[in-house]
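Basis for what follows: all heavy atoms, side chains included, without hydrogens, waters or symmetry-related copies. Indexing begins at 1, ligand by ligand and atom by atom, following the structure's order.
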Amino acid sequence: MTASASAQPRDAFWMPFTPNRAFRQSPRLFVRAQGMHYFTPEGRPILDTLAGLWCVNAGHGHPRIVRAIQAQAAELDFVSSFNMSHPLAFEAAARLTSLAPAGLGRVFFSNSGSEAVDTALKIARAYHRARGEGGRIRFIGRAKGYHGVGWGGLSVGGLARHKREFTPLLGDVDHLALPYDPRSSAFTRGQPEHGAHFADELESLLATIHDPATVAAVIVEPVIGSGGVYPPPKRYLERLREICDRHGILLIFDEVITGFGRLGAPFAARALNVSPDMICCAKGLTNGSVPMGATITRDDIFEAIAARATSAIELFHGYTYSAHPLACAAALAAMAAYEEDGLFGRVRTLAPMWAESAHSLKDARHVCDVRSIGLLAGVDLQPREGANGARGAEVGQRCFEAGMLVRNSGDTMLLSPPLIISEEQIAHVFETLRRVLEATP
Ligand SMILES: Cc1ncc(COP(=O)(O)O)c(C=O)c1O
């Protein structure tokens with residue numbers, strides 16, 4: 001984009017998840033980004049506390065990733081992966097599986113988190129059908145879960161506002177409760193001590209409502225992200241894993257946010273030591289630079305589907321841009337950058353200071369809870385009487401005016417910076433947020 005982009009945006013662009021009419025009154029445009037910052041058309045730096053949208057883990061404009069994309073565009077711009085492909089697709093898949101828990105050795109590429117999720121749900125049904133358990137069609141998601149905007153992801157997602165205009169969704173879906181009790185767990189750093197029992201709801205759902213043999217998969221974000229940053233209580237995910245195993249149900253982790261270092265390991269599955277049957281990822285996979293999603297599955301899931309395939313093609317699923325050459329080049333460069341720059345270890349080093357700074361807001365104006373884990377934090381604000389979300393939106397706008405990009409989900413402020421953030425910048429983020437909160441009615 002050039003400096004002329006500072007003119008009013010035209011009406012033709014229907015912006016996603018945006019109050020379009022309000023945006024036109026005060027457009028928020030960026031024309032450049034580098035490291036921890038965006039730059040407005042006027043050249044004003046804006047500190048990015050959200051890694052773009054939970055994407056840019058290695059920081060903006062990482063030279064290695066930029067070079068890889070430029071070179072790839074000149075070398076091989078596009079090739080489909082329908083019955084043909086290119087070497088980087090195989091390399092990217094292999095490298096990705098090297099970051100996943102043991103046994104997850106197959107990668108299905110797509111272009112977004114939403115597609116990675118819908119792919120996982122389709123694979124789950126196909127897997128059961130291949131094993132002669134075609135009655136396993138139900139999915140179980142969770143309250144406040146966000147799994148993108150495809151029909152499958154929307155159905156298993158737990159954010160009611162996202163669904164309202166689009167029903168009917170998939171009918172065969174239930175939701176577990178949010179595993180969080182503010183009475184015992186408010187202001188917890190990392191995983192709450194209490195709350196493993198929330199997983200038992202899955203067992204009672206299976207015992208009382210559904211025949212377990214009708215359930216295909218349970219899908220959860222290991223740490224709920226967009227829904228407000230809720231780390232799982234200790235032993236909660238382990239218990240979900242045990243219950244799924246007992247009933248032959250697949251466990252899918254949606255790691256679109258938690259993948260690629262957010263918790264100080266390649267995946268939350270590894271940071272938290274619970275291995276799912278499938279992992280969905282996107283965003284940080286290419287450092288946000290080229291759209292790409294991936295569904296990583298256990299080897300035997302592919303093998304079961306392949307063994308029973310009724311035609312040469314094992315799975316009738318795929319996208320024109322699955323394993324796009326630019327995305328593969330970007331993914332390989334991003335994964336190399338994470339390793340070379342030691343970013344996952346850096347998160348482990350910074351996490352205590354991040355938590356300390358986030359929780360220093362405990363006595364700040366309007367704050368009623370702070371949750372943190374790795375380089376993630378959610379700060380709940382007391383909602384205004386009769387105007388849910390208004391205070392969060394105003395705080396976000398005031399932060400922007402103070403030179404800082406902070407996202408709000410209703411009255412929860414969400415923070416998830418590039419993993420290159422410095423200690424000084426962390427201190428600055430929470431001091432600025434405190435000042436903004438003091439000034440906000
Ligand atoms: C956990 C999770 N799953 C899926 C998605 C959807 O990803 P996309 O917007 O790339 O489709 C998101 C997006 O924020 C997400 O946070």
Atom 3 (N) of ligand 1 [closest protein heavy-atom partner, distance rounded to 0.1 Å]: D254 OD2, 2.7 Å
F302-Y127 aromatic ring centre distance below 6.0 Å: no
Among C280, S114, C55, G153, closest by any non-hydrogen atom to atom 9 (O) of ligand 1: S114
Ring geometry between F430 and W354 (parallel below 30°, tilted from 30 to 60°, perpendicular above 60°): perpendicular
Any N or O of H147 closer than 3.5 Å to N or O of ligand 1: no
Ligand 1 versus E221: contacting region, heavy-atom distance under 4.0 Å: side chain
Ring geometry between H37 and F39 (parallel below 30°, tilted from 30 to 60°, perpendicular above 60°): tilted
Which of the ligand 1 atoms, numbered from 1, are nearer than 4.0 Å to a heavy atom of I257: 16 (O)
CA sep, side-chain torsions, deciding dist, call: D341, R346, salt bridge (charged side-chain N to carboxylate O under 4.0 Å, His left out): CA-CA 9 Å; D341 299 352; R346 184 180 168 75; over 6 Å; no
Per-atom contacts of ligand 1 with S112, taking only distances under 4.0 Å to non-hydrogen atoms: 10 (O), 11 (O)
Close approach of A282 to ligand 1, heavy atoms, under 4.0 angstrom: no
Audit row: F17, H162, ring-ring contact (aromatic ring centres under 6.0 Å, His included) steps and yes/no: CA-CA 10 Å; F17 280 121; H162 290 203; 5.0 Å; yes
Part of E255 with heavy atoms under 4.0 Å of ligand 1, whether side chain, backbone, both or neither: neither
Residues K122, D118: salt bridge by 4.0 Å N-O rule: no
Y321, OH atom: more than 12 neighbouring heavy atoms under 6.0 Å: no
Heavy-atom nearest neighbour in the protein, as seen from atom 8 (P) of ligand 1, with distance rounded to 0.1 Å: G113 N, 3.5 Å
Geometric N/O contact V256 with ligand 1, under 3.5 angstrom: no
